[in-house]
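Everything on this sheet refers to the single structure shown next.
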Amino acid sequence: MADVELPAECDKLNAACITVIRYEAARVMAHEYRVKRDGLSKAMQGVVEGGNKIPYADYRAALDLAAHCRRLIAPVFESHDALLTPAAECEAAPIENPIGDSVFNRLWTILHVPCIAMTTAMSDNKLPVGIQLVGMLNDDEKLLRVSRWVEERVKLT
């Protein structure tokens, strides 16, 4: 196991992912926004309104950055079977209030790489705490093998 530092260009991917999500959500939700706006939450209305303000050039730049970074991270997986990252900033949200933050998987989503979240412990509140394993683009099978290996060695506490 070794620490891995992604190329500096990857530092901009979180913002790029938010741009892509908002731009695409505005287009996916356009009909609902026009016809049933009051049926959308205020948060979703804000996403659509914000997404409509994003210029196509910014959206395209975000997609291009992601494609560039996909090429940059490929060598990382030449010497690592998978990356180990947090799955979330804390324990799972309770079912009564299941709102979470996607900050720990946005990067991997925009890079189109496979990732698997696994419970590795239980919190004092009896809620799962997890890790995330990230694999190489188009190598889901290898990541599944790695996750099986981890699962066989991790004992829930």
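Because only heavy atoms are used, hydrogens play no part in the values below, and waters and symmetry mates are left out as well, while side chains stay in.
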Task: Sequence neighbours excluded - salt bridge (Lys or Arg N to Asp or Glu O under 4.0 Å) pairs with any residue from residues 48-77 - done: R60-D64
TODO: Could you tell me the separation between the CG atom of D11 and the CG atom of L6, rounded to the nearest 0.5 Å?
DONE: 8.0 Å
Task: Spacing of L111 atom CG and C10 atom SG [to the nearest 0.5 Å] - done: 6.0 Å
Following the transitive rule for hydrophobic clusters with a side-chain heavy-atom cut-off under 4.5 Å over Ile, Leu, Val, Met, Phe, Trp and Tyr, establish whether [X] and [Y] coincide in one cluster.
X: I110; Y: V47; answer: no
X: V48; Y: I54; answer: no
X: L63; Y: Y56; answer: yes
X: V4; Y: L84; answer: no

Open item on the list: Please enumerate all residues that pass side chain to side chain contact (heavy atoms under 4.5 Å, CB included) together with P86, with sequence neighbours excluded.
Closed with: F104
Open item on the list: Among residues at least two apart in sequence or on other chains, which ones pass side chain to side chain contact (heavy atoms under 4.5 Å, CB included) with S41?
Closed with: A43, M44
TODO: Not counting sequence neighbours, list each pair that qualifies as a ring-ring contact (aromatic ring centres under 6.0 Å, His included) and has a residue in residues 113-155.
DONE: none
Within the 4.5 Å heavy-atom criterion, are [X] and [Y] side-chain neighbours or not?
X: V129; Y: M122; result: no
X: L72; Y: E9; result: yes
X: V113; Y: I73; result: yes
X: I131; Y: T85; result: no

Enumerate, atom names and distances included, each donor-acceptor pair closer than 3.5 Å involving a side-chain atom of residues 133-143, sequence neighbours excluded.
unit_1	atom_1	unit_2	atom_2	d
D139	OD1	K142	N	3.4
K142	NZ	D81	OD1	3.1

Task: Side-chain donor or acceptor of E32 paired with backbone N/O of R37 under 3.5 Å - done: no
Task: Heavy-atom donor-acceptor pair, S123 side chain to N125 backbone, under 3.5 Å - done: yes
Open item on the list: Ignoring hydrogens, what is the shortest heavy-atom contact between I116 and S147? Give both atom names and the distance.
Closed with: CD1-OG, 3.6 Å
Side-chain donor/acceptor pairs under 3.5 Å, residues 15-30, sequence neighbours excluded:
unit_1	atom_1	unit_2	atom_2	d
T19	OG1	A15	O	3.1
E24	OE2	Y59	OH	2.6
R27	NH1	Y23	O	2.9
R27	NH1	G51	O	3.3

TODO: In sequence, state the C-alpha distance, the side-chain angles, and the governing distance for N105 and Q132, and then conclude on side chain to side chain contact (heavy atoms under 4.5 Å, CB included).
DONE: CA-CA 9 Å; N105 63 17; Q132 182 171 229; 3.5 Å; yes
